[in-house]
Structures are given as structure tokens and as C-alpha cells.
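Report on the structure given below.
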Amino acid sequence: MSEKENNKNQNDNDNSSAQPLAELIRIRRNKVRELINQNINPYPYTYKRSHQISELIRNFDQLTESKETVSIAGRIMLNRKMGKTFFADIWDSREKIQIYIRKDIVGDETFELFNQIDLGDIIGCEGTLFVTKMGERTLKVSSFELLTKALHPLPDKHSGLTDTEQRYRRRYADLIVNPEVRNVFRMRTEIIQALREFLNMNGFLEVETPILQPIYGGGNAKPFKTYYNKLDRDMYLRIADELYLKRLIIGGYDKVWEFCKDFRNEGIDRLHNPEFSMIELYWAYSDYRDMAELFEQMLRETVYKIHGTYKIKYGKHEVDFEPKFRWVSMIDSIKEVIGLDLLSLDYESALKEAKKLNIDEEGLINWGKVVAAIWEKTVEHTLIQPTFLVDFPVEISPLAKKHRENPRLTERFELFIAANEMGNAFSELNDPVDQLERFMQQGKAIEAGDEEGQPLDDDFVTALMYGMPPTSGLGFGIDRLVMLLTDQHTIRDVVFFPQMKETGDGSTPVSKILKKIISEEE
């Protein structure tokens, strides 16, 4: 069966599951050779558009009435031949429109050329607008030009689009066939822009700090390690921006922030990707309560700018950003849910309570880690509406100031929305002696087997000795915020190219198929 015969309805894509991929690519490659033999370039250099399709839709009545000739370009996603006419759907980056091609309008040669168009091919076309008898807005084509011949068929419309692994591995194909996915990533850009505008309007200076660092720090995570040949030393991809941004506060800036890529050598799951995007900001002469007010205002304004309302849907929940966000301590939240006051217990007593809750004691090497484990088991899943969880144990907050009312705790908050952590902030530690002691405690934790402990950063301690003003700091994940505001439930759906395991399925790379076809032509 030739591909021309397949073209009678939806061309080769409806039959892609029945035909081997190599055969389909070979058919399309033969079409390319035929076009070249006809002196038609299947990959021309440029095409001048008068409008994007969204502009045609927006100004449709005016352009129809004026009978103005317009030119558009995009990818053919649906193609139906009916005798001496074609109806096809063409998509550009935002919108689609139907095009109508009649043999007696475009001529025999052009009509025959369109008969060679496959789903996925990119064309430019010129014509005038009208409305069909079925009421569909349509472009009546007077001429068209092939701009790119696609050699690979689009995913099968029934089964191929539901294969999530393939969607992530070949995001380009996912974006082609799923306009709703394109919209999620467009919203991601709009969210980042809204955050940037808010911070800039509030006097924060956007800066850049090193990704490649001699000592990792600013978070509890296992780093990616590499080797710097010229300096003859180990280096690390940053796990956070914190310690460098604090150096800038010490250097005299009052408000700094960075949009950053961070890297943590950890597992991959619904909420974690080893490479992720964050915003970190630091604000001199403020504390964690000041930062909470700023963060709350930033999120509230961003949500309204993106959605035009303060209420959004996330899965089965409705989240309301308009009321004042709740403020509750980690200790009190546990007491509210299970009636246990951990602040009254020492390490050994708290560990016994964790065992009663069937919590694995591995890694629970101090009171703070026990408190955190009990909280995760009993409370985390209950925090649906925006909630500032505050006042964490010292042992799990090595860079935060001790609480001014209780030295076992720190002035730290994490924001939780829909049971997911959305941000982490401190009244920043600025006492160099206290900081050095915390680093030494972290060193003991590392020796005890804690792979996420923070090593001593001598230069940062030195910087603190020059004097850092009272400061609050905040870090929050862009990927999780985008998930929340676009109602996506895995981080892979808001990252263009998530990290993936090797398939190991023994399949032949498509490039090898093409290489074999080319060698056969020779």
C-alpha cells in the first residue's frame, strides 16, 4: 500500500500502528526525493506571515468583511480529502484554523502537491477568510508553500498520546499533539514573569551566583560531584543559593534575589526532579514574619494575575488565597492532630513515641529529626489551605536563628498548600560563633552517616565575621508552584525535559533507521 493511498482520510498516521515505523519513514523520505526532483525545496529558508492564527481569530469579522488576503504558517494536524477539495486543520504556536483548498482555485499542480502533504508537515498558505455552512471559521487558500517535510509520523492518536513515558522522553512530540501541554508551559512563563515583576517592584535586585561551587551548602541534600581539571579539585553543583546570596547582604545590598537552577542528587518522584528551579531572596533588617507577609502578598497577587480570581482548583481541593494565611508551629500542629506535646519530651522519649506510630527509626539521630518524622506522618497531609508551619527544631535548621522565646526551636517557616511544601524561610543566623557551632554539629551528623548534612564553609563563617545585618531569607520551588497553579500533579508535567531512566528495551534509535534508509539510497 502506498502512502498516497493512505492519504484518502487522515494519511499515514491512522495506519502507523499497522505499519512498521521504518516503512513509514521510508515513504516520507521518498516523497522528499520526489519533491527535490521537481525542483521543490522541502526545507526552504523563510516564510513571511501577515498574521498569527490567534490574530485571525481575534479580528475574524473585520478581515472577512474586508476580504483582505492573509498569510499564515503552521503544522497540519488534520487532513480530509473530499473529491477535488481538501479540508485541513493548521496549528501555529497558539491556535488552529481550518483551511479549505479547492482544485479549481489553486490549480492542478498545486492541488497535486497538497495531495503529498502528511500530518505533521509544516506549510505556509495565503488566502481569504470565510465561514462554512457548518459555521466554522476557515481560510480559503489561494496558494500554499511546503515549509518543512516531517519524516517521522505523529504519535498514534489513540494509543501513542497516553504513553506518559514517551510524552516525557519526546517532549517535542507531546507539545505538537497536545496543545493543552503547550498551554501549561506558557502559563509557567507567565507565572515566573509575574513573580519577577513583583520582586522588582518591591525593590529586590536580581543577581546571579555560582552554579559550580567548591563547597555545597544552603540546604540538606546530597550534591552532584564533579572534577575541575584546571584547579585540580573536586567541585559541586549547587544545592541552593543561600550562602552566596547572604555574602551579598554582608557586602551591602539590602534586598537580593535570584531565579536559579539547583541540583540535588536524590530520587525522582512526583514532587522531585534532580534538576529544579527556585527563587531565593534575602531581605536585610527583616525577620521571618516580615518575609511571610511578603511571600503571602506575592503569591496572592500572582494567583490573581494568572487566574483573575483568588480561588483555584487543585485536584479535588479548592484553594483560597484571599484570606490571611494560617500561622501554626510545628509542635502545636502535632498537638492539635494527635494530642502529643513533643516540646515536653527529651530525645529518647520522643523516639519511643515515633516507634508507637510505626515510624522507621533509621536516621532519627536527634530530637529535631524525630519531631520532623512524627509531623510528616501525622500532620502534613492535613494542610490544604495556605498554612505557614513555623518554629522548627534547631537540629534540622542549621542556618536559622534560634527562636527568641525558646532556644530548642528556630525562627523558620515552611508554607504548605494542598499538602505540599511550597517554600522555606528563616530569620537568618548572623552570629558567626553560633553558625560555626551549627556547622560542627552538621559535621558530626555527616560522620554518623547523614549524606544530606552540610559541610563546614570556612569562607562563609569568615564573611559573617564582617557582620551581616538582621536578615530574613526565603527559597521556594518554581516547579511546585507551577504545578499548583496549573493543576498538574507530577513535576514531570511542568518541566520541559525531566530526568528519565534509560529504557533498556532494546529498541532501535530512530536516527539509525534513517541512516539505514539513506545508505540504501546510495
Side-chain angles (χ1 to χ4, degrees), residues 2-4 6-13 24-25 27-57 59-60 63-64 66-130 132 136-154 172-173 175-177 179 182:
S2 71
E3 191 172 24
K4 184 182 290 187
N6 287 341
N7 252 331
K8 289 179 181 178
N9 290 303
Q10 294 287 315
N11 49 35
D12 61 28
N13 296 77
L24 293 171
I25 293 175
I27 291 170
R28 291 190 175 211
R29 172 59 185 167
N30 288 338
K31 288 184 179 181
V32 169
R33 299 176 73 193
E34 290 174 10
L35 290 167
I36 293 173
N37 290 336
Q38 298 170 36
N39 293 320
I40 296 173
N41 183 357
Y43 304 103
Y45 289 90
T46 186
Y47 184 81
K48 300 298 183 183
R49 297 182 292 178
S50 65
H51 297 79
Q52 290 189 322
I53 294 175
S54 58
E55 294 175 307
L56 294 190
I57 302 299
N59 302 299
F60 188 85
L63 291 169
T64 302
S66 68
K67 300 187 183 302
E68 179 181 340
T69 298
V70 298
S71 57
I72 59 172
R75 191 183 298 271
I76 296 296
M77 298 299 294
L78 188 66
N79 193 5
R80 307 172 298 282
K81 185 178 182 182
M82 302 171 65
K84 297 182 179 181
T85 63
F86 279 103
F87 285 94
D89 286 350
I90 182 171
W91 277 91
D92 63 11
S93 63
R94 285 182 177 268
E95 292 279 359
K96 72 170 182 176
I97 194 169
Q98 179 174 264
I99 61 174
Y100 171 62
I101 298 179
R102 251 175 53 186
K103 189 172 185 178
D104 61 346
I105 294 177
V106 300
D108 293 349
E109 187 175 328
T110 299
F111 189 80
E112 179 56 31
L113 176 59
F114 200 85
N115 205 41
Q116 300 298 313
I117 295 297
D118 297 304
L119 299 188
D121 288 356
I122 299 172
I123 70 167
C125 50
E126 189 174 277
T128 55
L129 297 172
F130 76 106
T132 66
E136 184 158 1
R137 295 170 173 177
T138 304
L139 177 71
K140 183 187 294 183
V141 175
S142 56
S143 65
F144 92 94
E145 181 179 349
L146 175 62
L147 302 179
T148 299
K149 185 66 184 173
L151 294 184
H152 197 298
L154 296 179
Y172 40 86
L175 293 168
I176 289 171
V177 300
R182 292 203 300 272

According to the interplanar angle, ranging from 0 to 90°, do the rings of Phe114 and Phe144 count as parallel (below 30°), tilted (30 to 60°) or perpendicular (above 60°)? perpendicular
Sequence neighbours left out, what passes side chain to side chain donor-acceptor pair (under 3.5 Å) with Arg137? Give chain and number order. none
What is the distance from atom CD1 of Ile53 to atom NZ of Lys96, rounded to the nearest 0.5 Å? 10.5 Å
Please examine the side chains of Met82 and Phe87, heavy atoms only from C-beta on, and report whether any two atoms are closer than 4.5 Å. yes
Student check: side-chain heavy atoms of Lys81 and Asn115 closer than 4.5 Å: yes
So, for Ile122 and Leu146, which heavy atoms are closest and what is the spacing to 0.1 Å? O-CD1, 3.7 Å
Kindly determine whether Ile90 and Ile123 satisfy side chain to side chain contact (heavy atoms under 4.5 Å, CB included), including the steps that lead there. CA-CA 8 Å; Ile90 182 171; Ile123 70 167; 3.9 Å; yes
Note: Glu55 and Ser50 closest approach over all heavy atoms is OE1-O, 4.4 Å
Is it possible for you to check whether Lys140 lies under 6.0 Å from the centre of the six-membered ring of Tyr100, through NZ or CZ, and within 45° of that ring's axis? no
From CA spacing to verdict: side chain to side chain contact (heavy atoms under 4.5 Å, CB included), Ile72, Cys125: CA-CA 6 Å; Ile72 59 172; Cys125 50; 3.8 Å; yes
What is the minimum heavy-atom distance between Gly120 and Ala150, and which atoms define it? O-CB, 3.6 Å
For a quick test of reading the model, state the closest non-hydrogen atom pair linking Phe111 to Thr85 and the distance between them. CZ-N, 3.8 Å
As an exercise, state the distance from OG of Ser71 to CZ of Arg49, rounded to the nearest 0.5 Å. 9.0 Å
Beyond-backbone contact of Tyr43 with Asn41, side-chain heavy atoms, under 4.5 angstrom: yes
Taking the side chain as everything from C-beta on, heavy atoms only, tell me whether Asp89 gets closer than 4.5 Å to Ile76. no
Stepwise side chain to side chain contact (heavy atoms under 4.5 Å, CB included) test for Leu56 and Ile97: CA-CA 9 Å; Leu56 294 190; Ile97 194 169; 4.3 Å; yes
From Leu119 atom CG to Ile176 atom CD1, the distance as rounded to the nearest 0.5 Å: 11.5 Å
Where is the tightest heavy-atom contact between Glu68 and His51, given as atom of each residue plus distance? OE2-CE1, 3.8 Å
Please check if the side chain of Ser66 supplies one atom and the backbone of Leu63 the other of a donor-acceptor pair under 3.5 Å. yes
Judged by atom type as modelled, is there a donor-acceptor pair below 3.5 Å linking the side chain of Ser142 to the main-chain atoms of Glu126? yes
Approximate separation, where rounding is to 0.5 Å, of Ile99 CD1 and Leu129 CG: 12.0 Å
Nearest 0.5 Å, what's the OH-CG distance between Tyr45 and Leu147? 14.0 Å
Could you go through the side chain to side chain contact (heavy atoms under 4.5 Å, CB included) check for Leu154 and Met77 one step at a time? CA-CA 9 Å; Leu154 296 179; Met77 298 299 294; 3.8 Å; yes
In the structure I gave you, are the side-chain heavy atoms of Arg28 and Asp121 within less than 4.5 Å of one another anywhere? yes
Does atom CZ (Arg94) have a neighbourhood of more than 12 heavy atoms from anything else shown, all under 6.0 Å? no
Between Lys31 and Asp118, is there a salt bridge with N-O shorter than 4.0 Å? yes
For Ala88 against Arg80, the heavy-atom pair lying closest together: N-NH2, 4.3 Å
About how many Å separate CG of Asp108 and CG of Leu113, when rounded to the nearest 0.5 Å? 12.5 Å
When you measure from the side chain of Arg75 to the backbone of Trp91, do you find a donor-acceptor pair of N or O atoms at a distance under 3.5 Å? no
Sequence neighbours excluded, the answer for side chain to side chain donor-acceptor pair (under 3.5 Å) partners of Thr138 is Gln98
Please enumerate all residues that pass side chain to side chain donor-acceptor pair (under 3.5 Å) together with Asp104, with sequence neighbours excluded. Arg102
Any side-chain heavy atom of Pro42 sitting closer than 4.5 Å to one from Thr148? no
Taking the side chain as every heavy atom from C-beta outward, state whether Glu95 and Pro179 have any pair of such atoms under 4.5 Å apart. no
Tyr172 side chain near His152 side chain, heavy-atom distance below 4.5 Å: no
